[in-house]
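Here's the structure, in structure tokens; my notes come after.
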Amino acid sequence: LAAGALAQQAPAESPEELPPGPGREETFYRCTACHGFALVRAQAQTRDGWAGTIALMQRRHGLAALDPALQAQVLDYLATAFPPRVAPRGFVNPFLTP
């Protein structure tokens with residue numbers, strides 16, 4: 001590949017780039033089997049929200065069912081490392097309002 005083409009490729013990802021915590025590697029490797037982790041980093045959800053995301057990927061994209069202990073570990077990691085973002089005082093995101 002030409003040098004310009006290499007510069008346009010996404011940087012390599014590794015679990016060490018993520019917030020530390022139990023389940024980091026398990027979560028990283030389960031998620032990156034299908035997509036880049038940037039997609040996960042862009043999300044900010046509750047544990048129930050992450051569970052819904054996993055269920056959606058299982059229904060629509062053929063994600064295999066996870067062992068219950070592994071799923072609990074992945075959900076715990078995601079909910080801790082990527083929780084819902086708190087909006088600045090006075091700002092209400094109209095797209096997040098029910």
Side-chain angles (χ1 to χ4, degrees):
L1 291 175
L6 287 175
Q8 293 177 5
Q9 291 179 343
E13 296 180 309
S14 70
E16 293 76 24
E17 296 171 30
L18 306 177
R24 175 175 70 176
E25 288 191 11
E26 293 81 0
T27 302
F28 176 83
Y29 290 113
R30 292 314 176 282
C31 295
T32 59
C34 297
H35 54 74
F37 209 85
L39 182 62
V40 178
R41 269 194 212 105
Q43 308 301 309
Q45 302 186 62
T46 63
R47 191 176 197 284
D48 286 343
W50 285 114
T53 297
I54 290 173
L56 176 99
M57 288 187 291
Q58 289 170 330
R59 280 192 320 272
R60 290 194 183 166
H61 304 293
L63 175 66
L66 301 175
D67 172 85
L70 175 60
Q71 182 158 333
Q73 187 177 38
V74 167
L75 288 172
D76 289 345
Y77 178 76
L78 291 171
T80 301
F82 304 100
R85 295 179 190 97
V86 178
R89 290 179 68 182
F91 173 77
V92 176
N93 184 335
F95 299 105
L96 297 179
T97 336

Derivation and outcome, side-chain contact (heavy atoms from CB on, under 4.5 Å), residues F28 and E13: CA-CA 9 Å; F28 176 83; E13 296 180 309; 3.9 Å; yes
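Distance CD1/I54 to CG/L66: 6.0 Å, rounded to 0.5 Å.
Heavy atoms only, all atoms of each residue included: L18 and Y77 are closest at CB-OH, 3.3 Å. Nearest heavy-atom pair, F82 versus P19, reported as atom, atom and distance to 0.1 Å: CZ-CD, 3.9 Å.
Residues in residues 24-36 take part in no side-chain hydrogen bond (donor to acceptor under 3.5 Å, both in side chains) pair, two or more places apart or across chains. Contacts classified as salt bridge (Lys or Arg N to Asp or Glu O under 4.0 Å) and involving residues 53-67 (residues at least two apart or in different chains) are not found.
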Would you mind writing out the side-chain donor-acceptor pairs for residues 36-47 within the sub-3.5 Å range, not counting sequence neighbours?
| unit_1 | atom_1 | unit_2 | atom_2 | d |
| --- | --- | --- | --- | --- |
| Q43 | NE2 | L39 | O | 3.4 |
| Q45 | OE1 | T53 | OG1 | 3.3 |
| Q45 | NE2 | T53 | OG1 | 3.1 |
| T46 | OG1 | D48 | N | 3.4 |
| T46 | OG1 | G49 | N | 3.0 |
| R47 | NE | D76 | OD1 | 2.9 |
| R47 | NH2 | A72 | O | 3.4 |
| R47 | NH2 | D76 | OD1 | 3.0 |

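Under the 4.5 Å side-chain heavy-atom criterion for grouping Ile, Leu, Val, Met, Phe, Trp and Tyr, L78 is not connected to L56 through any hydrophobic cluster.
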